[in-house]
2 protein chains.
Amino acid sequence: MDQIEIFKALSNKTRLQILTWLKNPEIYFAPEHRNADGVCVGMIQEKAGLTQSTVSEYLTMLKKAGLIEATRVGQWTYYKRNEEAFAALSKLIESEI
Amino acid sequence: MDQIEIFKALSNKTRLQILTWLKNPEIYFAPEHRNADGVCVGMIQEKAGLTQSTVSEYLTMLKKAGLIEATRVGQWTYYKRNEEAFAALSKLIESEI
DNA sequence: TCTAAATATCGGAATTTCCCGATATACCAA
DNA sequence: TTGGTATATCGGGAAATTCCGATATTTAGA
């Protein structure tokens with residue numbers, strides 16, 4: 001758990017938005033674009049309004065920080081939150097930092 | 001509470017160290033360099049091993065993010081943690097982000 | 001006053017981040 | 001195979017951050 005990597009990943013408006021969207025995908029994405037593994041990149045990109053490459057990099061960054069997980073299904077990659085990482089971060093701030 | 005400002009402030013090794021030192025000043029600073037208002041800039045600078053201007057700027061940044069508070073006493077400025085901000089951030093990550 | 005000490009602010013070089021377009025890779029379907 | 005779709009990676013210009021030295025400000029004390 002690299003604290004600085006995590007905080008850097010959280011230091012961007014779009015990346016924070018993505019995390020919010022992935023917290024309640026049923027609110028933000030149509031059923032056909034999400035499943036138990038999360039939401040595919042293209043739909044996240046569409047909502048973000050940035051280029052595909054940028055959004056893909058952002059998702060990779062969030063993944064490296066451990067905040068989200070990826071599952072490849074055919075040509076799609078589904079991303080979902082790693083809630084344990086958020087719980088751990090919350091506890092870290094509550095008691096360690 | 002500007003989330004991004006907070007996460008940016010936390011995205012730096014030295015600033016995280018300063019927050020750790022201020023969490024338990026009695027461990028890291030001699031009694032004559034601390035009081036109920038916190039620890040003075042010079043002592044924080046000494047521990048950080050960076051220039052006075054850099055450390056002063058870092059403290060200003062942490063203060064703008066709401067993570068620490070400043071009290072001027074004579075020629076000294078004492079900085080201490082704002083624990084409520086950390087509690088609020090912990091809750092934010094636990095339930096909102 | 002005048003000087004010295006503590007801190008804050010300014011200007012800038014080096015590095016990193018932001019976000020793009022172009023290109024590469026992976027997979028599916030015909 | 002071949003072409004099309006989804007995603008990842010690369011190269012780079014613009015903007016932000018890092019950290020410095022120099023300078024300004026604030027306050028105490030002679």
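Please read these numbers as outputs of a predicted model, since none were measured by experiment. Residue numbering restarts at 1 for every chain, and letters A, B, ... go by the order of the sequence lines.
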Practice problem: Check every strand shown and say whether B:Y78 touches a base, only sugar-phosphate, or nothing at a heavy-atom separation below 4.0 Å. | Solution: nothing
Self-check item: Selection from C:dT7, C:dC28, D:dT7 that lies nearest to any side-chain heavy atom of B:C40
Solution: C:dT7
Quiz prompt | Separation of A:N24 CG from A:R81 CZ (nearest 0.5 Å) | solution = 8.5 Å
Self-check item: Between D:dA6 (P) and A:L59 (CG): distance, integer Å
Solution: 16 Å
Quiz item: Starting at NZ of A:K13 and ending at P of D:dA16, how long is that distance when rounded to a whole Å?
Solution: 14 Å
Self-check item: Closest-nucleotide ordering on DNA chain D, the 5'-leading residue of B:Y58 and B:Q52
Solution: B:Y58
Quiz item: Closer to the 5' end of DNA chain D via nearest nucleotide, is it A:K8 or A:G42?
Solution: A:G42
Quiz item: Distance check: side-chain N/O of A:N12 vs OP1/OP2 of C:dC19, anything under 4.0 Å?
Solution: yes
Exercise. Would you mind telling me which of D:dT7, D:dC19, C:dT9 lies closest to the side-chain atoms of B:T54?
Key: D:dC19
Quiz item: Hey, is the side chain of A:T77 poking within less than 4.0 Å of OP1 or OP2 on D:dA8, counting only N and O atoms?
Solution: yes
Quiz prompt | Phosphate OP1/OP2 of D:dT17: any B:S11 side-chain N/O under 4.0 Å | solution = no
Quiz prompt | From D:dC19, C:dC10, D:dA8, nucleotide with atom closest to A:S56 side chain | solution = D:dA8
Self-check item: Pairwise distance CD(A:E69) to CG(A:L22) - rounded to 0.5 angstrom
Solution: 11.5 Å
Quiz item: If you check the A:W76 side chain, which of C:dC10, D:dA6, D:dT18 turns out closest?
Solution: D:dA6
Practice problem: Specify the residue among A:Q75 and A:E57 whose closest nucleotide of DNA chain C lies further upstream toward the 5′ end. | Solution: A:E57
Quiz item: Quick check: are there more than 12 heavy atoms from other residues, nucleotides or ligands sitting under 6.0 Å from CD of B:E26?
Solution: yes
Quiz item: Atom CG in B:L10, atom CE in B:M61: separation rounded to 0.5 Å?
Solution: 11.0 Å
Quiz item: What nucleotide, of C:dA8, C:dC27, C:dC19, holds the atom closest to the side chain of A:L50?
Solution: C:dC19
Quiz item: Side-chain donor-acceptor pair under 3.5 Å between A:S53 and A:S56, yes or no?
Solution: no
Exercise. Could you please name the option among C:dC18, D:dG21, C:dC20 that lies closest to any side-chain atom of A:T51?
Key: C:dC20
Quiz item: Where each residue is assigned the nucleotide of DNA chain C containing its nearest heavy atom, which of A:G74 and A:M61 is assigned the position nearer the 5′ end?
Solution: A:M61
